[in-house]
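Accompanying notes for the structure given below.
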Amino acid sequence: MSEPDKYQKVIELAKRRGFFWPSYEIYGGEAGFLDYGPLGSLLKRKLEQKWIDWFVRRENVVLIDSAIVAPEIVFKASGHTAHFTDPITTCKKCGRKWRADHLLEEQAKISGEGLTLEELGRLLAEHGVRCPECGGELEQPQAFNELFKTTIGPYSEHVGFLRPETAQGMFVNFKRLYDLVRGKLPFGAAQVGRCFRNEISPRQGPVRLREFTIMEFEFFFNPKKPECPKLSEVLGEKLRLLPEELIKRGVEEPVEVTVAEALDRGYIKAEWSAYFMVRAKHFLNELGVPDENQYFREKLPGERAHYSAQTYDQVVKLSRWGYVEVSGHAWRTDYDLKMHMAHSGEDLRVFVPYGEARKVKRLRLKVDKARLGASFKDKATLILRLLEVTPAEEVAEALSREGVYQLKSNGETFELTREHVEVVEEEVEEKGERILPSVVEPSFGLDRLLYVTLEYAYTERGDRVVLRLPRDLAPIEVAVFPLMNKDGLPEKAREIYLSLLREGFTVEYDESGSIGRRYARMDEIGTPYAVTVDYQTLKDETVTLRDRDTWKQVRVPAGRLPKVLRSLFRGEISFEKAGEPLQTSG
RNA sequence: GCGGCCGUAGUCUAGCCUGGUAGGACGUCAGCCUGCCACGCUGAGGGCCCGGGUUCAAAUCCCGGCGGCCGCACCA
C-alpha cells in the first residue's frame, strides 16, 4: 500500500475543508483530542439528529442531558473506580510498564485478583518476580485509572470524575424518568454527550480519543416479561454474527443468521438486544455501510465490561484497520440499578401489580444487624442494602451447602454466615412485586460514526473528489451559483440564495472562479444539489439544478425549488423527475 | 510507556546526508477571461512542530519535549 490509503485521503480532506483536525495544533497538539470545524460541526449535528430520529423519536425512548462531572460515589457505585483501575508496575532498569497482577499470575502462579497495591508489591517481591523483558527489578505497583479525575469546589478532598460513559446519567435519574413516563415498562432513556477516558496511548485519529461523544440509551424492561413486541417486525431479518461460541471454536468469519435463528440458538440472549441490533444495522446502512462490510462480534467473558452479561460489538470495515467497533450492545441486566440502590439507599425497584392479590410462600432473609455491624463495621450498611436485592434462594442454597455466603460487591467479597443472616420461610399476601428492571444498552461512538460516514462517502471521479454523503447528512444542502459574474446574474442568484435560506435550507452562495470549479468545490464537501442561475433565468425564472452524484441537470422554476428540494431530500422523487432534463455540452 | 519511521505555507511536497535562514504543485484571495464541470493569463498573501545545545551561521548536526504512523502493551 504505497499509494496513500483512503484513511490518509479522508484525513487530508477533513483538515483541508474543515471537518476536523487535531486539537491544540499551535502548541504542538495533544493526542486523543479532536476539534471539529465548520463543516464537521454541521455534520456532527446532523448525525446526532438522525440518531435521535432513529432511536429516540421512533422508539419508546426519552432524551435527557445530564451532568458530565460526577462525585466519586457515583462511580464507586457503578464499579468504575474499582474496575477502571489497573495495577501497573514499572521496571527500574528498562522503564517498561507491566500489569502487576498479570506478572504475578504468569511468574508466581498466584491470582492477583482483588489484591491491594501493597499486597501485590509484597507478593511480587517475595516471589522474586522480575521484568519479563530485561530481568530488572520492579517498582511498587501503582494504580492507573482511566477515569479523568478532578476536584469539585475548593476542597481537594472532594473528588470528582468526568464521566466515561453517559449511561450513569440514565441510571441515577431512573426514578424520575420512570415517573415521567408514568410508570410503564418497557421504556428507554437516551443521551448524547461528551465522555472522557484517559487512554494510555490514543491512536488511530478520530477512532480512539480521550474526549469523545457517545450516543447511547438504556432500555429498561421487566426481566419477567423480556419479550420484545416489535420482534415480529424483524424476525426474518438477517444479522451477521460472530458469537462467543463460534469464536471459541476458532471461527473467524461471521455467520449470517436470521434474528429468529440467532435467538433460537442462544447467540443473542435478550430479545430487545436483537431488535436494536437490527436497528443498528439499518442505521449503518443509512450512513453508507452495506451489510457485507459490517457484523456483530460477541465480546468474550474476559473482554466484557464488569456490568455486562452479554455484549456484541457492531464492527465496520475501514480501509486502514480492518473491522472497528462503532457501537456496543450490552445487556447490563439490573447491575447498575442494583448498585446505585445499594450505594444511595434509594429504592429503585418498580412495583408490578399482580392481577389479583395472591398468597405466596417465600423465603425471607432475616438479618442480625447487631452481628453484622460487629463483623463488618462501616460496611454493614452497604451489605444490608445489597442483601435487600439478593434473592433469598441464592443465600439459602449457599448457606446450606457451604455454611457461608459470599456476597460480592465491587472489588470486595463479604463472607456471611448463619450468624449474620438466617433464611426463614413465610406466607404472605402479595398484591404485586417490586422488581429491578433489566437493561439493554445500545451505545454508539459519534466520532467514529462520523469518520465511517466520511470514509464510505469518499469517492474519486477523475482527479476530483466527490463526497457522496447521505443526502440528509450533508452539511451544506444546496449551493447557488450565477453562471457568469455579470449581466445581473449574481443579483438574481443572491435573491434565490436568500429565498432558500428563508425556507430553512443550509445554503452556500459562490460566484468565484469558473462554474466547473464551483461544482468541484461543492462535490468535495458533499453538497448534494447546486442551483445555477443563467441567462434563461432572466427570461423565464427557471434555474438549473445539478445532482452531485450523476452530474445530471434539470431545469426547475425558481419558485418551486423549496418544494422540489424537500422532495429530493426525503427521497420521494428521483432526480430525473425533479424537472425538465437538460442537455449539457460537458 | 517501549521500539522503528516521520514532522517544511491551507494541503501535498523538494531541500537535510555534504550547515550559508527555503523552491515547486494544488488550493485561497484580487483582477482579466469564462454561456455548465478544478480552462487560461496577471498579481497577492502564506511555511521550516516546540525548547535547548554545537557553530561566525541551524530547516539541515546533537539532546530533550510534543505530535503523527506502524509494532508491543493497554483499550472499563
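Order of the sequence lines fixes the chain letters, A, B, ..., with proteins taken first and strands second; residue numbering starts at 1 for each chain.
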note = For residues 204-216 of chain A, the salt bridge (charged side-chain N to carboxylate O under 4.0 Å, His left out) pairs (sequence neighbours left out) are A:Arg194-A:Glu211, A:Glu199-A:Arg208
ask   = Of the residues in residues 305-316 of chain A, which ones touch RNA chain B at a heavy-atom distance under 4.0 Å?
value = A:Ala305, A:His306
ask   = Near RNA chain B, which residues from residues 476-485 of chain A have a heavy atom under 4.0 Å away?
value = A:Leu483, A:Met484, A:Asn485
Of all residues at least two apart in sequence or in a different chain, which pass the salt bridge (charged side-chain N to carboxylate O under 4.0 Å, His left out) check with [X]?
X: A:Arg448; answer: none
X: A:Glu441; answer: A:Arg332
X: A:Arg461; answer: none
X: A:Glu460; answer: A:Lys9

inquiry  = List the residues meeting side chain to side chain contact (heavy atoms under 4.5 Å, CB included) with A:Ala530, not counting sequence neighbours, and say none if there are none.
reply    = A:Ala479, A:Phe481, A:Tyr519, A:Arg546
By side chain to side chain contact (heavy atoms under 4.5 Å, CB included) - contacts of A:Glu495 (at least two apart) = A:Lys492
request  = Using the C1' atom on both, measure B:C69 against B:C29 and round to a whole Å.
outcome  = 34 Å
key: Whole-Å gap separating P (B:G27) and CG (A:Asp523)   = 15 Å
ask   = Going by the ring-ring contact (aromatic ring centres under 6.0 Å, His included) test, which pairs reach into residues 522-548 of chain A, not counting sequence neighbours?
value = A:Tyr529-A:Phe569
Between the protein and nucleotides 42-52 of chain B, which nitrogen or oxygen pairs are less than 3.5 angstrom apart?
none

Got a list of protein N/O to nucleotides 38-40 of chain B N/O distances below 3.5 Å?
residue: B:A38; atom: N6; partner: A:Glu524; partner atom: OE2; Å: 3.4
residue: B:C39; atom: OP1; partner: A:Arg517; partner atom: NH2; Å: 2.8
residue: B:C39; atom: OP2; partner: A:Ser514; partner atom: OG; Å: 2.7

